[in-house]
Every structure is written in C-alpha cells, then in structure tokens.
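Below is one structure, written out as structure tokens; comments come after it.
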Amino acid sequence: MIFVRVASFPEWREKARHLLLAGVPPAEVDWEGEGLFAEELPPPGVGRPHVPKAFMEAAERAACYRDSRRWGLLYRILWRIQHESRQLLEVSSDDDVVALRHMVDEVRRDSHKMKAFVRFRKLGDEYIAWHEQSHLVLERTAPFFARRFGPMRWAILTPDSSAYWDGKELRFGPGVARAQAPEGDEMEELWKTYYTNIFNPARVKVSAMKAEMPVKYWKTMPETALIPGLLAGAEQRVREMIRVDSTSLEERPDLWAARLLEAGAPLGELGEAVMRCRGCELCEKTHAVFGAGSPTAPLVFVGEQPGDQEDKQGKPFVGPAGQILRQTLGALRIPVEHVYLTNAVKHFHWEDKGNSRLHKRASPTQIRICRPWAEAEIQTIRPRVVCCLGVTAAQSLLRPDFRLTRQRGQLIESPLADKVLATFHPSYLLRLPDPEERARQRALFDQDIALAYRLSLEP
Ligand code: URA
C-alpha cells in the first residue's frame, strides 16, 4: 500500500499523474494515509497521460468537496478512464460517476450560496464578510467577488481559509473564528432597508427559506433579524399586495418575474404570467409565445422572437428558422428532453406588407422590458449551458456590446449558467444568398451547437 496525503487539487493532480504513469492501481493507494511510508512514491513511468478535459474540470470542482475520500474517488475514476473507457463519465448509472456528479453539484451549489449570501460590513475603508462554507469553495468563488467588487478592498473570512482583495491582487490566508469577524455597521441598515423593500409576504415559505438559505447563514445576514417582524405583519401586507398585483403587475414584468422567482413558481406559472403581460405595446398585436421543452433541461437555447409560424402555433422555433435548428439538433442526436427553446422577446413584431406579415426587429426598449421573462425561465430551469442564437439574445442577456463576429462560439462569463455561449441565429443562415458561404456558416453554427451539447453533458 502506498500512503499519500494531499491538501489541494494541484497536489492531487501531480501525485495522481505520477502514480498513474507508474502503473499503481487505485486499490494500492491510500489517499488519507499518514503511515510510515507516506509519500514514498514509486519511480514515475514515462510519458504524459492523456486525460479528458471534462474530467479534469469536474475533478477540480469535486476537489472542493469536504470529504477526504474525494482524492481516492478521483484517482479511481482517472485510472478507470485510462484502463476501462474514455467514455466512463457518460455512464450515468456508474457508482463512481454518480458520486462524482454529486460532489460536483454540491460544490456548485455551495459556491452559488456564497455568491448569494455573503454580506460585507464596512470597517474603515474595507469591507469584511464572514461566511460558513459547507465545502471548500472560497478559492474557487473569490474571483467572482474580485470582478464584481473590483474597486473595493474586501476580505471574506471563513473558518477554513480567508480571501483578501486589495483592488489588484487576490490573496488567501488561514481561517478565522466567528468571534474575530466584525459585527454591525451602516451596511447593515442598508441591507435591512433593501430586504424590507423586496420582502414579499405572500411568498414566505419558512421551510423553503431554510432549505435555500440554511439557518446557519441567517446569523451573518442582517436582514434575517427582521424576519419575525415581517412575518407578523405579513397577512395585512399580502392583502395590500394583492391589490397592487391585480392593478399594476401586468405592466411590470420586472417585478412580476422577480416575485414569481422568489416564490419558486414553476415554469407553467411563469408561462401564464407571460401570456397576461402588458409590459409593452407588442401585446396588443400578437399573443405571447413562451418557451417550450423540458423544465429541467441542461441546455437552453434563446432565440430572438417568435416568427409568423410561431405566433400562429403558439410554440417557439416551429417555422423555417426552427427547421434549421431542429435539423442540427437531430443530426447531433440531441434528445428532445435535453433542451429547452425560448426567445429574448416573447411576441412576434411585424409590419404589414399587404398579404404577409414581415418580421421587424424589436426595439431596445421592448427587448429590455421582456428580458426578465427569459432570465426567469433560465433561473427556474437552472441549465448547465445557455446558448444564445443571434445577436439580439446575446445583447439582451449577456452584454449590450456583444459582437457575434468576435465572440461567436466562445465561452462567456455570465451568471446565467456555468457555460454560456452564442452563435448565429438560424434565420441568418436562411438569408445568406451564396450557397458556399451558407454552407461555411452552417458548419460553424453546427459546430457551436455541438459544443453547447458537449458542455451540457459534462458533470
Ligand atoms: N426565430 C426565433 O428567434 N425564435 C423563434 O421562435 C422562431 C424564429
């Protein structure tokens, strides 16, 4: 038996590569060991193992899972990928793959919680937050805060480790006990005001709150001190709100979508709201067309707006552009239950051309007003991958200056999902007059959709 001890993913990667090349099977390695022979590795073999990128990405995430057995599991999977099958990760029923996916999901969830629940308090010129992580996600998640709060100097303290940002560089240090973290300040009042304003008593489900925001986080969040009072006045406020709901929510898709999300409303309820939305004048001319597909799809495609056929049939992507997309999905053998199709704008915008209705681009205002619906669909589904089809969806959901010519087929950092990319809109392919050019661009489109699918299969 070889005893190995590692404390980080890079260390595990180095030792695992060594052991793999030396031909040491997983049963002969104790990754939790501290025995006499600790670190006595055999001489390494030669060469470089060729390891699928998807595994290394999953392994890097799973390495944050708080359980020392993770290192052994990762080595066993690595070994099996080399010796049994390079497609091992696609075998969803395999016990090791199930365990890996569980770790990856839990780490992803904990990282999401850190992004959602960390609350900074002001201390002099700095902002300090104390957070209890379930897994060891701080190092993975801190760059998100550096990007989001770039100009601030901040620290996030956890019992396991701490992250410090001075506006330029991110550093990590040892863990900090709760008692060392500062308490209360003007930030606290700000959070309380904010939370009182967004609090929606009609949606209070204490059990759901506890599940999503475990009680252990409550003590670090100033707004939670208000919850008992807010709950006490809830009934009266619900009555007031119902009055507001019926008069004005139909004209405020932003508020409406936010309330539905907060309530954990299912997709069907979002769809019903979209049908009743009166947020802009498009609703006067056409019905809304909501998204369609699996409510748990790992892959979501977002187009521009429904066309003539979609408007008539009430379903997205059933006209000529939809045929192109569906052909590609079929050719790649992407199962229907794997995808969800929707649009950035929910109404067909058209102008009268005598005997036909000609597609007209939605205005920036109409696109902005409709955005909360597409965002709410995505947040409800929580796909692994979002693929925007065309510049309207990409500019609405990713960034206003998005350029397909520069960024097509590339991964874009976005809170929408782990992996987000954009490609051509299929109707662009239909409009290209030159058959050769069309074939070239079609190949790129197919390649992007294949990439989106591949990414959505990764654990
Ligand atoms: N074009 C889109 O963007 N969406 C549809 O649903 C149909 C055509």
Side-chain angles (χ1 to χ4, degrees), residues 253 267 270-271 274-275 277 280 282-283 285-295 297 299-330 334 336 338-351 353 356-378 381 383 385-398 400 402-404 407-409 416 420-432 438 441-442 444-446 448-449 452:
L267 265 185
L270 279 179
V274 167
M275 298 302 161
C277 176
C280 73
L282 290 181
C283 64
K285 251 176 130 180
T286 50
H287 299 296
V289 177
F290 192 59
S294 160
L299 175 55
V300 169
F301 290 102
V302 188
E304 182 200 338
Q305 59 167 304
D308 181 65
Q309 281 305 314
E310 287 77 15
D311 180 51
K312 287 179 179 144
Q313 299 185 36
K315 293 188 197 123
F317 289 102
V318 289
Q323 299 309 325
I324 301 261
L325 175 63
R326 287 171 197 269
Q327 262 173 17
T328 299
L329 298 179
I334 302 181
V336 258
H338 197 82
V339 296
Y340 181 89
L341 306 177
T342 191
N343 285 297
V345 173
K346 305 299 181 204
H347 290 264
F348 176 36
H349 188 27
W350 56 276
E351 53 187 341
K353 284 282 165 195
S356 68
R357 303 191 295 174
L358 194 71
H359 167 278
K360 201 172 163 194
R361 271 188 88 161
S363 72
T365 308
Q366 290 160 344
I367 295 170
R368 179 179 49 74
I369 289 173
C370 220
R371 184 191 309 139
W373 292 128
E375 287 177 340
E377 278 173 292
I378 294 169
I381 296 169
V385 179
V386 171
C387 180
C388 294
L389 302 173
V391 74
T392 301
Q395 291 189 344
S396 168
L397 294 176
L398 306 183
F402 190 94
R403 292 279 169 273
L404 275 176
Q407 291 161 290
R408 196 215 93 248
L416 287 179
V420 176
L421 69 161
T423 186
F424 301 128
H425 192 284
S427 65
Y428 158 74
L429 302 170
L430 283 174
R431 287 196 307 270
L432 287 173
R438 198 181 320 132
Q441 304 286 35
R442 173 72 189 257
L444 293 176
F445 174 80
D446 290 353
D448 294 340
I449 305 288

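Worth knowing before you read on, the calculation uses all heavy atoms, side chains too, and leaves out hydrogens, waters and symmetry mates. Ligands are counted one by one from 1 in listed order, and the atoms in each one are counted from 1 as well. What you are looking at is a predicted structure, and each value in this text was computed from that prediction instead of being measured.
In this structure the side chain of E304 never reaches within 4.5 angstrom of the side chain of V345, judged on heavy atoms. The side-chain heavy atoms of L325 and F445, taken from C-beta on, include a pair separated by under 4.5 Å. Residues V300 and L416 have side chains not in contact (no heavy-atom distance under 4.5 Å, counting atoms from C-beta outward).
Side-chain contact annotation: R368 with S363, donor-acceptor N/O pair under 3.5 Å absent.
Applying side-chain contact (heavy atoms from CB on, under 4.5 Å) to H347 and the options V289, V274, L282 leaves one that passes, L282.
Heavy-atom neighbours of H359 NE2 from other residues, nucleotides or ligands within 6.0 Å: above the threshold of 12.
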Short N or O contacts of ligand 1 with protein, under 3.5 Å, listed by atom name?
unit_1   : atom_1 : unit_2 : atom_2 : d
ligand 1 : 1 (N)  : Q305   : O      : 3.3
ligand 1 : 1 (N)  : H425   : NE2    : 3.2
ligand 1 : 3 (O)  : E304   : N      : 2.7
ligand 1 : 3 (O)  : Q305   : N      : 3.3
ligand 1 : 3 (O)  : Q305   : O      : 3.3
ligand 1 : 3 (O)  : N343   : OD1    : 3.1
ligand 1 : 3 (O)  : H425   : NE2    : 2.6
ligand 1 : 4 (N)  : Q305   : O      : 3.0
ligand 1 : 4 (N)  : N343   : OD1    : 2.6
ligand 1 : 4 (N)  : N343   : ND2    : 3.4
ligand 1 : 6 (O)  : F317   : N      : 2.9
ligand 1 : 6 (O)  : N343   : ND2    : 3.0

